[in-house]
Number of protein chains: 2
Amino acid sequence: MVVSELSDQDVNRLFRALADATRRDIVRRTLVEDVSVSQLAGAYEMSFAAVQKHVAVLEEAMLVTKNSRGRERMVRANLDRIRQAQRLLDHFEELWRSRIDRLDILLAEDNPAPPDT
Amino acid sequence: MVVSELSDQDVNRLFRALADATRRDIVRRTLVEDVSVSQLAGAYEMSFAAVQKHVAVLEEAMLVTKNSRGRERMVRANLDRIRQAQRLLDHFEELWRSRIDRLDILLAEDNPAPPDT
DNA sequence: ATATCGTACAATCAAATGGTTGTATCAGAG
DNA sequence: CTCTGATACAACCATTTGATTGTACGATAT
């Protein structure tokens with residue numbers, strides 16, 4: 001198992017990168033197969049440079065990696081990073097459980113067992 | 001099961017709201033127990049208004065709700081929304097599986113069974 | 001009734017974001 | 001070698017974000 005502590009900054013970048021529909025779509029496409037930057041650029045109604053920037057944001061968030069193939073740069077999504085995001089959300093769920101536990105304790109205190117005899 | 005279609009806008013807001021350490025901390029605190037805006041404000045090294053704005057961002061993303069209690073406004077995290085975020089990430093995982101499937105097919109084609117006899 | 005606590009909200013401001021165009025570089029095709 | 005396709009990157013601009021201070025207002029405690 002990879003230890004990989006995510007700093008606050010890393011988590012910020014991770015969620016921020018996911019907070020844009022175009023970038024989420026790039027992740028989707030590159031999860032299924034490697035896609036070059038120009039192929040991606042062809043898929044959206046914006047300039048090549050704009051798409052390039054989105055890829056750069058994803059790269060900084062480590063949600064994708066780029067590899068050279070000939071003169072093209074192939075973009076590939078990094079599933080591990082998505083799983084790390086999931087684990088962060090799992091942690092929230094765990095915290096929520098502690099709320100339930102506290103509530104149970106409170107209810108037990110407010111509703112003591114009836115005095116015997 | 002809740003149908004709850006999340007629009008692109010909704011998803012943007014959801015992930016954007018999570019892309020800030022203070023806001024994630026507010027979600028953590030309010031998952032465990034209800035906390036008033038002023039209690040939250042006391043927990044961070046920033047103005048009351050700044051914290052109030054963070055709560056507003058979380059509220060727009062529907063990650064928290066506010067209820068009046070006396071003159072206080074109690075903030076409570078909404079676990080359902082966190083689960084929706086998890087489901088979005090699950091969907092990415094599913095797409096990734098299709099990559100593996102394609103790869104298997106390709107390998108099968110490139111490596112045909114050896115000619116018999 | 002009035003002082004105060006908790007909140008809401010407007011105005012303001014610096015920095016970050018998301019987009020553009022233009023220029024430079026680099027690998028392959030002819 | 002030269003032309004072209006695919007990138008990279010800088011400069012620029014409008015909008016949004018994250019924070020501030022200041023003002024207003026409703027609910028409570030005294």
Side-chain angles (χ1 to χ4, degrees), chain A residues 7-30 33-77 85, chain B residues 7-30 33-77 85:
Chain A
S7 72
D8 271 0
Q9 271 276 336
D10 291 337
V11 181
N12 291 354
R13 272 194 276 264
L14 179 51
F15 283 122
R16 180 141 237 318
L18 290 170
D20 180 279
T22 302
R23 288 196 291 262
R24 285 192 301 275
D25 196 64
I26 290 174
V27 171
R28 276 184 219 107
R29 288 170 187 265
T30 59
E33 60 184 346
D34 290 16
V35 185
S36 73
V37 178
S38 53
Q39 281 180 301
L40 288 171
Y44 308 104
E45 296 256 313
M46 67 184 75
S47 69
F48 180 90
V51 174
Q52 210 175 17
K53 277 195 185 183
H54 281 306
V55 172
V57 170
L58 290 168
E59 209 179 0
E60 274 203 39
M62 288 197 266
L63 275 165
V64 305
T65 55
K66 281 191 289 191
N67 310 74
S68 293
R69 200 170 74 189
R71 55 185 164 185
E72 287 170 299
R73 302 279 282 160
M74 306 306 289
V75 180
R76 174 186 308 201
Chain B
S7 72
D8 271 359
Q9 271 275 337
D10 290 337
V11 180
N12 291 354
R13 271 194 277 263
L14 179 50
F15 283 122
R16 179 151 246 308
L18 290 170
D20 180 279
T22 302
R23 288 197 291 261
R24 285 192 301 275
D25 196 64
I26 291 174
V27 171
R28 276 184 219 107
R29 288 170 187 266
T30 59
E33 61 185 344
D34 290 16
V35 185
S36 73
V37 178
S38 52
Q39 282 179 302
L40 287 172
Y44 308 104
E45 296 256 311
M46 68 183 77
S47 69
F48 180 92
V51 174
Q52 208 175 19
K53 278 196 184 184
H54 282 304
V55 173
V57 169
L58 290 167
E59 208 180 359
E60 274 202 41
M62 288 196 264
L63 275 165
V64 305
T65 54
K66 280 191 290 191
N67 310 74
S68 293
R69 199 170 75 189
R71 56 184 163 185
E72 288 168 300
R73 299 281 282 159
M74 306 306 288
V75 181
R76 175 184 310 199

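Predicted model only: the values in this text are computed from it and were never measured. Reminder, nothing fancy here: chain letters follow the sequence lines and each chain counts from 1.
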statement: With sugar-phosphate taken as primed atoms, P, OP1 and OP2 and all else as base, the protein-contact string of nucleotides 13-20 of chain D at under 4.0 Å (heavy atoms; B, S, -) is ----SSBB
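At whole-Å resolution of the value, CG in Leu58(A) and C1' in dT17(C) are 14 Å apart. Put simply, CD1 on Ile26(A) is 13 Å from C1' on dG18(C), counting in whole angstrom units. We find that CG of Leu40(B) is positioned 12 Å from P of dA8(C), with the value rounded to whole Å.
Between Gln52(A) and the phosphate of dT7(D), there is no side-chain N or O to OP1/OP2 separation shorter than 4.0 Å. Between Ser38(A) and dT7(D), a side-chain N or O to OP1/OP2 separation shorter than 4.0 Å is present.
In this structure, Leu58(B) CG and Thr65(B) OG1 are separated by 11.0 Å, a value rounded to the nearest 0.5 Å. The distance from atom CD of Gln9(B) to atom CG of Asn12(B), rounded to the nearest 0.5 Å, is 6.0 Å. Atom OG1 of Thr22(B) and atom CG of Leu40(B) lie 10.5 Å apart (nearest 0.5 Å). Separating the CZ atom in Arg24(B) from the CG atom in Leu63(B) is a distance of 12.0 Å, to the nearest 0.5 Å. Atom CE of Met46(B) and atom NE2 of His54(B) lie 4.5 Å apart (nearest 0.5 Å).
Annotation: side chain of Val55(A) is not in contact with side chain of Gln52(A) (no heavy-atom distance under 4.5 Å).
A donor-acceptor contact closer than 3.5 angstrom is absent between the side chains of Ser36(B) and Arg73(B).
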- request: Mind running side-chain hydrogen bond (donor to acceptor under 3.5 Å, both in side chains) on Ser7(B) and Asp10(B) for me, showing each step along the way?
  value: CA-CA 5 Å; Ser7(B) 72; Asp10(B) 290 337; 3.2 Å; yes
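Annotation: proximity of residues 66-75 of chain A to DNA chain C (heavy atom, distance under 4.0 Å) is found for Gly70(A), Arg71(A), numbered in ascending order.
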